Structure formats: structure tokens, C-alpha cells
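Following: one structure in C-alpha cells, then a few remarks.
So that the names make sense, note that chain A is the first sequence line, chain B the second, and so on, each numbered from 1. All values reported here derive from a predicted model rather than from experimental measurement.
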Number of protein chains: 2
Amino acid sequence: MRNTTNIFTEIANKINTKIKNGSYSIEQKLPSEYDLAKEFNVSRLTIRKAVDLLIKQNILIKQKGKGTYIMKQTDKFQSGKNGLLSFTESARAYGKTSKATLITFEKTTQLPEEVKENLQVQEEPVFHIKRLRFFDEDPMTIEEIFIKETLLDEATLEENITGSIFKLIEEKSDIAYSHQEIEAVLATDELSEFLAVEKGQPLLLVHTTTYSASGHPILFDKSYYRGDKYTFKNILHRI
Amino acid sequence: MRNTTNIFTEIANKINTKIKNGSYSIEQKLPSEYDLAKEFNVSRLTIRKAVDLLIKQNILIKQKGKGTYIMKQTDKFQSGKNGLLSFTESARAYGKTSKATLITFEKTTQLPEEVKENLQVQEEPVFHIKRLRFFDEDPMTIEEIFIKETLLDEATLEENITGSIFKLIEEKSDIAYSHQEIEAVLATDELSEFLAVEKGQPLLLVHTTTYSASGHPILFDKSYYRGDKYTFKNILHRI
DNA sequence: GTTTATTTGTTCGTATGTATT
DNA sequence: AAATACATACGAACAAATAAA
């Protein structure tokens, strides 16, 4: 239940609060690790872990011999910032509501090679779900999800077919990471109709394969995003 | 000169070698931190730092109480960093060469609002470089780079105008991180001609703003990638 | 241009806590 | 319930990069 009773997370939160209310914003530089350790009455190593956490969250950045700086923030939303998020979660991060309507649902063994490869299946039945997803009332994405039948209970899935599949999966499996590819494509007749754009408009096509820690593929997802409404944001670090 | 005389990088390399030659690949699981510490004759903290490094490079993944696993690799390319690939990195990863030809070069104060905002300039002169970049002999990207005049020596820039601008900048400034946005657009007349695609084909448009640690914008870059030839790859972590 | 102070980076040791099987 | 494995936290010391004197 997210009972993080560790010190460095507490410290990280305190530092974050200070950043937000402007206590540390002088020249965008933080006190030294030693000073912070004194201020919060913890060891320097704990400060370093707190700072590491804030660096992972793209809030701080360090430079050897110089100091720790507050990172330039985008006012917008970053898809990578909070790690791996479901559509539902990213909508929330955006301050929007999300909903989904079902287009098709089937259990099948007739699968494109791409799906077989990514899920590492031969003849096993796979759930194939095609849904239209909204940010507030705007159609945003058509997503096709493929999951091995063994990973979900069919009755439970059908009950929650327009809800968060991610959550359903996490009740049984342990999602660790995803491989993702982004490319640009043109809206076909079918896509343009669902997404309420003209045929021939540009779309972002995102293929995602999601794995457990032990490297077993859990989910394959092919999503088409409206190119005029959706942007992927990312932060890259030097070194 | 990359004189990394720290132990954990050495250990990380050794572990990486063992992974590659298959020594650790049994069930995709590594020995415990204690065992690794014993094996390499270092403290457990050093092992943890080595493992952390390999996690950052998307080579390993840990799960509390369970163990450390080898991450599923894409046969194509796996980004070592926080996500997206640079043009040069990508070319190398595909076993291709990259080159650039100059389209236009000017020093100007007439700038689009987008550039002024991102570089935080008003009337200062800015170098504006427009180049066409190739994978082997295929035109792949049109990139427009904007840099404040004060950050580069004009003569040096002109000499290296088809080389790595990034490297030039790093001689004077300290690049720390970038903010990047990816969207899908359609090829205009000009773009389609240079990229040798038909007008109306989908392109990936990537805006990148690069900052120093102290949060000063250094470079603004607007690149158009052929949607049919280029794919961005990304690895996302849960949590 | 060299030295000095500051700041982050590395590495050890030790002990205890928490999650998983 | 016990064993295993990762997580947290302290203290201490030295190294390396940077900036200021």
C-alpha cells in the first residue's frame, strides 16, 4: 500500500516542497550535500539518495565539483517523466479524464506475425481488444491490445473491457518495463473515421511490448495517436 | 580522456561481458549482491553501484526480495540512456554511416517566436543552420539548429558546418540535458523535395531544447525525420 | 599560474529493515 | 517459520573537478 517509511523519500519530498515554494531557487542552485545533511539532520549518503531520486524525476541535476541545480521544467506533461504509465494514468497526470469505448473483442489464434513474435506465441489463444480512447471528450487513440489468454480471467476481462487493462494484469503479473517504438503514419479510412480526422492526416503509431522482470512478454500494444493533438515528451541527459 | 578509474565502472563492464558471453544467462538471473561482492572482491555498495549503472543502461533490472534479472534486449537497438537516440548514435547502431550537407547558414535576429522563446533571446543574433542528414546515401532528416552567437566562434563554426555541432558547443559550454517533443506532421513541398518523399507523406517532427546545468538554453533544434524510415525507440520502467 | 577551499564522487565497513519464496 | 535477496541508513575517509583567492 505504498508505505514508504524511508528517510530519503521524506527528505526528497521536503526538498521538492522547498523548490516549489522558492526557498532554494536563488540562482537555481542548492546548498551543498554537507549543508543539506546538517539541515535535515541525516547522513550525507541519505541526502545523496534523496537527490538521486529527484534527479530520476527530472527535478534536479548535479555537476561534479560545481553543485546541484534545479532543472528547467516544462509546464507540459512528459510521457517518460513518471516512468511507465497506462493511458488512464497519463490522462490523470494531464489533469484530464479518460474513457474508452470498445470497438472489437475476440479470443483468437489467428495473429499477425508481428504479434506472434512479440508475445512469443505459436498457437496459443490470445485476447485481442480494439478500443477507442478519449481524453475528456476528444477521441485521442485507437489501441489494439494483445494478451496471452493465460494471463487474464476471461469473465473478469469482459466485465472491465473498457477499463484499465493494465490494472487487471497487475493483479496476476508483475509488470517491470516496456520496449516502445514510435513512428509516423497516415490515417487510413478506418482510423480517420474513429479519430475524427481527415484521411491522410499524420498519426503517431506506437508499438509497445511490456515485460515482466524475468523477461517474459506480457502485453503487446499497437496504438495510433492523433498527430495534431498528442506529443511525446522526453528528457535526455548528457553522459 | 575518459579516465574512469572507479571500481564500479570496471565491475559493471565485467558483469556486462559475462552477460554477453552467457555466463549469467541461466534463467536470466544474476547471483545475489553478496555473492557478486565476494566474486569481485569489493564491497556490496560497489556492486550495487555497478548494477545501478547497468540498470540505467537498460541492461539489468532488479526486483526487491527476488533478484536481479537480465533485461530483454531488442535485436535492433537498445538505448543506453534516458530514451531517445541521437542521429549519430542511431546510425552507428544500425551499422550505417551518417553524413550531412549544408542547405543554408546565416546569422540573424529575425527569428520565429518559437525560437525566441526557447532560446530566451530578444534581439541578440543567432546562428541558424539548416542541414540535410543522411544514413549512408539515403536522405533521412532535415535539421534546423539555432544557437546564440556568443556560444560559438563563427570561423570555427563555418569550418565544421557539416560536422558535429554538439561537439563544437561542448568546447565552450556545458551541456547537461535536453527537453524533447515528438509529433507527426505532413511533408511540405520543400521538405518532400529534400527528403525525396512525396508531398503529404508523414514525418516525425522533433523539437529539442538543450540546456546547461544552470538552466540556460544553449541550443534549439527542429528536425524532420522520414516517417517511413525512422523509428524512435524508448524503454520505460514501471515505478 | 598556483594554491586553497568548496563540492560532488568513490569506497570501504557495519547494522538493521523489508519483501519473496 | 526460516532462508534468501534487495533496501535503508549510519559513519568515515580519500579522490577529483571546479572556482575563487
(message) Whether B:Lys49 contacts C:dT10 is assessed here as follows: a side-chain N or O lying under 4.0 Å from the phosphate OP1 or OP2. Is that the case?
(response) yes
(request) May I have the distance from B:Gln63 (atom CD) to D:dA5 (atom C1'), rounded to whole angstrom? (result) 12 Å
(message) OP1 or OP2 of D:dC6 versus the side-chain N and O atoms of B:Thr68: is any pair under 4.0 Å?
(response) yes
(message) Can you see if the side chain of A:Thr46 gets near the phosphate of D:dT8 - specifically, an N or O under 4.0 Å from OP1 or OP2?
(response) no
(message) Using heavy-atom distances to pick each residue's nearest nucleotide on DNA chain C, tell me which of A:Lys64 and B:Ser43 is more 5'.
(response) A:Lys64
(message) Whether A:Glu143 and A:Lys130 form a salt bridge (side-chain N of Lys/Arg under 4.0 Å from carboxylate O of Asp/Glu) is what I want to check.
(response) no
(request) Select from B:Pro31 and A:Ile47 the residue whose nearest nucleotide in DNA chain D is closer to the 5' end of that strand. (result) B:Pro31
(request) Write down the distance between CD (A:Glu10) and C1' (D:dT8), rounded to a whole number of angstrom. (result) 13 Å
(message) I need the OH-C1' distance between B:Tyr69 and C:dA19, as an integer number of Å.
(response) 12 Å
(request) With sequence neighbours left out, write down each residue that passes ring-ring contact (aromatic ring centres under 6.0 Å, His included) with B:His207, or none if nothing qualifies. (result) none
(message) Is A:Arg48 close enough to C:dT8 that one of its side-chain N or O atoms is under 4.0 Å from OP1 or OP2 there?
(response) no
(message) Can you list everything that forms a side-chain contact (heavy atoms from CB on, under 4.5 Å) with A:Ala12? Sequence neighbours excluded, please.
(response) A:Ala50, A:Leu53, A:Leu54
(message) We want to know whether B:Thr208 and B:Ser178 form a side-chain donor-acceptor pair, criterion being a heavy-atom distance below 3.5 angstrom.
(response) no
(request) Could you check which nucleotide pairs with D:dA1 in any of the strands shown, counting Watson-Crick or G-U wobble with both distances under 3.5 Å? (result) none
(message) Reading DNA chain C from 5' onward, which residue's closest nucleotide shows up sooner: B:Ile7 or A:Asp174?
(response) B:Ile7
(request) In whole angstrom, give the distance that lies between atom NZ of B:Lys62 and atom P of C:dA19. (result) 15 Å
(message) Below 4.0 angstrom, which residues in residues 35-42 of chain A have at least one non-hydrogen atom near DNA chain D?
(response) A:Val42
(message) Reading DNA chain D from 5' onward, which residue's closest nucleotide shows up sooner: A:Leu45 or B:Glu33?
(response) B:Glu33
(request) Kindly write out the residues that satisfy side-chain contact (heavy atoms from CB on, under 4.5 Å) with B:Glu149, not counting sequence neighbours, or none if the list is empty. (result) B:Lys107, B:Pro125, B:Phe127
(message) Using OP1 and OP2 only, check whether a side-chain N or O of B:Lys66 sits under 4.0 Å from D:dT4.
(response) no
(message) Side chains of B:Asp174 and B:Ser212: any donor to acceptor distance under 3.5 Å?
(response) no
Are there any protein N/O atoms within less than 3.5 Å of an N/O atom in nucleotides 1-5 of chain C, and if so, which ones and at what distance?
none

(request) Sort and list the pairs that fulfil salt bridge (Lys or Arg N to Asp or Glu O under 4.0 Å) and have at least one residue in residues 115-126 of chain B, not counting sequence neighbours. (result) none
(request) Among the candidates D:dA7, C:dT8, C:dT11, find the nucleotide nearest to the side-chain atoms of B:Asn6. (result) C:dT11
(request) Not counting sequence neighbours, which residues clear side-chain contact (heavy atoms from CB on, under 4.5 Å) with A:Ser173? List them please. (result) A:Leu151, A:Ile169, A:Ile218
(request) Look at the side chain of B:Arg44 and the base of D:dA7, then say whether one donor and one acceptor between them are separated by less than 3.5 Å. (result) yes
(request) Please name all residues satisfying side-chain contact (heavy atoms from CB on, under 4.5 Å) with B:Asp52, sequence neighbours left out, ordered by chain then number. (result) B:Ile55, B:Lys62
(request) Consider the side chain of B:Tyr34, meaning its heavy atoms from C-beta on, and name the nucleotide among D:dA19, D:dA7, C:dG9 that approaches it most closely. (result) D:dA7
(request) Tell me, please, which residues at least two apart from B:Phe146 pass ring-ring contact (aromatic ring centres under 6.0 Å, His included). (result) B:His128
